Student: 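The following block contains the structure, expressed as structure tokens.
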Amino acid sequence: MAQVQAQAAVQGQNVNGGANQFVTTSLYVGDLEANVTDSQLYDLFNQMGQVVSVRVCRDLSTRRSLGYGYVNYSSPQDAARALDVLNFTPVNGKPIRIMYSHRDPSLRKSGAGNIFIKNLDKAIDHKALHDTFSAFGNILSCKVATDLNGQSKGYGFVQFENEESAQKAIEKLNGMLLNDKQVYVGPFLRKQERETEISKNKFNNVYVKNLSEATSEEDLQKTFGEFGTITSVAVMRDADGKSKCFGFVNFENVDDAANAVDALNGKKFDDKEWYVGKAQRKSEREHELKYRFEQNMKEAADKFQGANLYIKNLDDSIEDDKLKQLFSQFGSITSCKVMRDPSGISRGSGFVAFSTPEEASRALQEMNGKMVVSKPLYVALAQRKEDRRARLQAQFSQMRPVTMASSVAPRLPMYPPGGPGLGQQLFYGQAPPAMIPPQVSFYLLI
DNA sequence: TTTGAGCGG
């Protein structure tokens, strides 16, 4: 796989799929021991070719190492070779972990292609793990969990560049013997996700949706009854007795419920593909919705970090279109909004989001202090995430939750298809200004 | 037994 990277590098392509020109020459070096210095990194990496620059990142005020740094080469081949040869080299006794520098965190955060391995023989180290799994695709990051002495804890992680490689690795290696130990290889799940996975496995009550309108309790009883004793069955209906096309089947026995889900989920009845799964309690459903929403908010916030401008001191006469006009000369505007109070009067503030931080930065420089209509504009980068969060919490109590029918509730723009369902009773409120990028117009309270 | 953390000038 090092060859693939080197080849891509020679051709000036970015193996990670981005467009950044530095991606092939700039390395991220992580898992640094706290006392590792710039010059140590330089000495090590300069053995692979001319190093252009190197730095260990430090906390601005305390100057303490943040445990990672960067090494830049002028030659992509040198960078590729350094990644291949120097990865997991101990520095101050701790193996460093090298990746191509990739500033956009979306791939890392998405967790796509990330797998977990357990029951690893203690003799298998980072390198051995890497070698074993690199047969299945390009690896972005790989490590064995270790204790403070560097001893293997018997499990590890491999993040592939793509999901297909991860699937192949799972398929081929799960249950295989590695150094005489049978390893488990599966998708990586965060602790929270894993707990809900487990809780999914034991339940009596089954939820079924996408029923045809004609499907009755008797039909459900008949279909589900094949799997075991049913204690109750219900098709949910509106006031007129018309089916809402979903229902619940409660089994006496948890295994029967699980079998029914396995067998019936995705099956077609009357031309309708049923969804059959564990019936969630309201609190579980809300918890899941909230979790997914927060993940999306985080992604949105990250994405717009640096590309999103906060504007103040706007003349009241300026509307969204006019704001956009003012800023469009600096780049491609992905969204633009003047904040207004409930009666529609401009708050004199707004947001302009560009597609790149560079455009935003230029716009900031050119537009801050510029006279527009009658007043000098105040232009700043939209608040950092941490500040937003703190202020968000302060304002949380002041937001009045609004219940909306699913038919009028706005779609959250950042939701992927199949995200939290709007058919649920969700609470939406107006986003507090200066908190949330304009793309995300509503704040969910649950 | 064991389900991370991580991107600047």
Side-chain angles (χ1 to χ4, degrees), chain A residues 14-16 18 20-34 36 38 41-42 51-60 63-74 79 83 87-88 94-122 124 126 129-130 139-148 150-161 166 169-170 174 178 181-200 298-299 302-303 305-306 357-358 361 384-385:
Chain A
N14 169 8
V15 285
N16 297 329
N20 191 318
Q21 57 172 314
F22 301 114
V23 138
T24 55
T25 54
S26 183
L27 299 178
Y28 166 91
V29 185
D31 293 354
L32 295 179
E33 191 271 338
V36 173
D38 291 357
L41 286 188
Y42 181 87
V51 165
V52 174
S53 67
V54 62
R55 70 192 254 113
V56 171
C57 293
R58 298 180 180 282
D59 181 280
L60 237 43
R63 305 303 300 159
R64 279 170 54 123
S65 167
L66 294 172
Y68 67 86
Y70 297 91
V71 175
N72 301 307
Y73 289 94
S74 58
L83 174 41
N87 207 3
F88 311 120
K94 191 175 173 195
I96 60 174
R97 185 167 50 89
I98 312 174
M99 304 167 66
Y100 276 108
S101 169
H102 205 285
R103 299 173 91 146
D104 176 359
S106 52
L107 222 199
R108 290 193 293 275
K109 298 237 163 101
S110 81
N114 206 6
I115 65 175
F116 172 70
I117 302 103
K118 72 180 175 187
N119 207 27
L120 276 175
D121 186 87
K122 302 276 201 242
I124 295 176
H126 307 298
L129 190 69
H130 190 282
I139 292 173
L140 296 183
S141 167
C142 161
K143 92 195 263 181
V144 171
T146 54
D147 63 20
L148 294 168
Q151 281 297 307
S152 166
K153 289 187 178 172
Y155 62 94
F157 312 90
V158 175
Q159 181 157 19
F160 285 98
E161 191 178 56
I170 291 169
N174 184 31
L178 243 50
K181 292 193 76 172
Q182 192 181 30
V183 293
Y184 164 89
V185 182
F188 170 79
L189 295 174
R190 306 218 95 84
K191 208 170 191 164
Q192 201 174 18
E193 296 169 314
R194 193 162 161 267
E195 277 160 9
T196 65
E197 280 296 318
I198 290 164
S199 77
K200 276 182 196 161
K298 274 183 203 156
E299 266 171 40
D302 284 344
K303 191 164 174 187
Q305 180 80 50
E358 289 73 26
S361 150
R384 288 167 54 83
K385 216 175 8 176

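In the text below, chain A, chain B and the rest are named by the order of the sequence lines, each starting its count at 1. Here the structure is a predicted model, which is why all the values come from computation and not from measurement.
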Student: So what does A:D31 hit on the nucleic acid, given a heavy-atom distance under 4.0 Å: a base, only sugar-phosphate, or nothing?
Tutor: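 Result for A:D31 = nothing.
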
Student: Using atom CG of A:L140 as one end and atom C1' of B:dA5 as the other, report the distance to the nearest whole Å.
Tutor: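 One finds 13 Å between C1' of B:dA5 and CG of A:L140, rounded.
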
Student: Expressed in angstrom and rounded to an integer, what is the separation of A:K118 atom NZ from B:dG4 atom P?
Tutor: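 Spelled out: NZ on A:K118 to P on B:dG4 is 12 Å.
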
Student: Please determine, for the side chain of A:F116, which listed nucleotide (B:dT3, B:dA5, B:dC7) has the closest atom?
Tutor: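 Looking only at side-chain atoms, A:F116 lies closest to B:dT3.
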
Student: Taking CG from A:L27 and P from B:dG9, how many angstroms apart are they, rounded to a whole number?
Tutor: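 From A:L27 CG to B:dG9 P: 18 Å.
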
Student: Less than 4.0 angstrom between a side-chain N/O of A:R97 and OP1 or OP2 of B:dA5, yes or no?
Tutor: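 Negative; the distance criterion is not met.
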
Student: Show your reasoning for whether side-chain contact (heavy atoms from CB on, under 4.5 Å) applies to A:F160 and A:I139.
Tutor: CA-CA 4 Å; A:F160 285 98; A:I139 292 173; 3.8 Å; yes

Student: Expressed in angstrom and rounded to an integer, what is the separation of A:N87 atom CG from B:dG6 atom C1'?
Tutor: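 For the pair A:N87 CG and B:dG6 C1', the rounded distance is 14 Å.
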
Student: Please give, in whole Å, the distance from B:dG4 C1' to A:K109 NZ?
Tutor: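 One finds 14 Å between C1' of B:dG4 and NZ of A:K109, rounded.
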
Student: I'd like to know if the side chain of A:N119 and the backbone of A:Q182 have a donor-acceptor N/O pair within less than 3.5 Å.
Tutor: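 Looks like yes, one N/O pair under 3.5 Å.
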
Student: Which is true for A:K153 with a 4.0 Å heavy-atom rule: it touches a base, it touches only sugar-phosphate, or it touches nothing?
Tutor: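 Result for A:K153 = base.
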
Student: Under the side-chain hydrogen bond (donor to acceptor under 3.5 Å, both in side chains) test against A:S141, which residue among A:R108, A:R97, A:Q159 passes?
Tutor: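 The single option meeting the side-chain hydrogen bond (donor to acceptor under 3.5 Å, both in side chains) with A:S141 is A:R97.
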
Student: Determine if A:Y70 stacks with B:dG8; use a centre-to-centre distance below 5.5 Å and an interplanar angle below 30° as the criteria.
Tutor: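 According to the criterion (under 5.5 Å, under 30°), yes, A:Y70 stacks.
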
Student: Take the protein atom CD of A:Q192 and the nucleotide atom P of B:dT3, then report the distance between them rounded to whole Å.
Tutor: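 Atom-to-atom, A:Q192 to B:dT3, this comes out as 14 Å.
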
Student: Between atom NZ in A:K143 and atom C1' in B:dG6, what is the gap in whole Å?
Tutor: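 Going from A:K143 (NZ) to B:dG6 (C1'), I get 9 Å.
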
Student: To the nearest Å, give me how far apart CG (A:L66) and P (B:dG6) are.
Tutor: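 Rounding to the nearest Å, CG of A:L66 and P of B:dG6 are 10 Å apart.
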
Student: What I want to check is whether the side chains of A:S26 and A:N72 have a donor and an acceptor closer together than 3.5 Å.
Tutor: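 Yes.
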
Student: Stacking between A:Y155 and B:dT2, defined as ring centres under 5.5 angstrom apart with planes under 30°, is that present or not?
Tutor: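 A:Y155 ring does not meet the centre or angle cut-off for B:dT2; no stack.
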
Student: Counting the atoms with a prime plus P, OP1 and OP2 as sugar-phosphate, which does A:N114 contact under 4.0 Å by heavy atoms, base, sugar-phosphate, or nothing?
Tutor: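 Since a base atom lies under 4.0 Å of A:N114, the category is base.
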
Student: Report yes if at least one side-chain N or O of A:R103 is closer than 4.0 Å to OP1 or OP2 of B:dC7; otherwise report no.
Tutor: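 No, no such contact exists.
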
Student: Nearest to the A:S101 side chain among B:dC7, B:dG9, B:dT2, which nucleotide is it?
Tutor: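 Taking heavy atoms from C-beta onward, the closest nucleotide is B:dC7.
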
Student: May I ask you to test the A:Y73-A:V51 pair for a side-chain heavy-atom distance under 4.5 Å?
Tutor: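 The answer is yes; the side chains approach within 4.5 Å.
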
Student: If you pin A:V54 and A:K122 to their nearest nucleotides in DNA chain B, which one's is more 5'?
Tutor: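 Nearer the 5' end of the strand: A:K122.
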
Student: For the side chain of A:F188, starting at C-beta, report the closest nucleotide among B:dG6, B:dG8, B:dT3.
Tutor: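 Closest of the options to the side chain of A:F188: B:dT3.
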
Student: Among B:dG9, B:dC7, B:dT3, which nucleotide has an atom closest to any side-chain atom of A:R55?
Tutor: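 So the side chain of A:R55 is nearest to B:dG9.
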
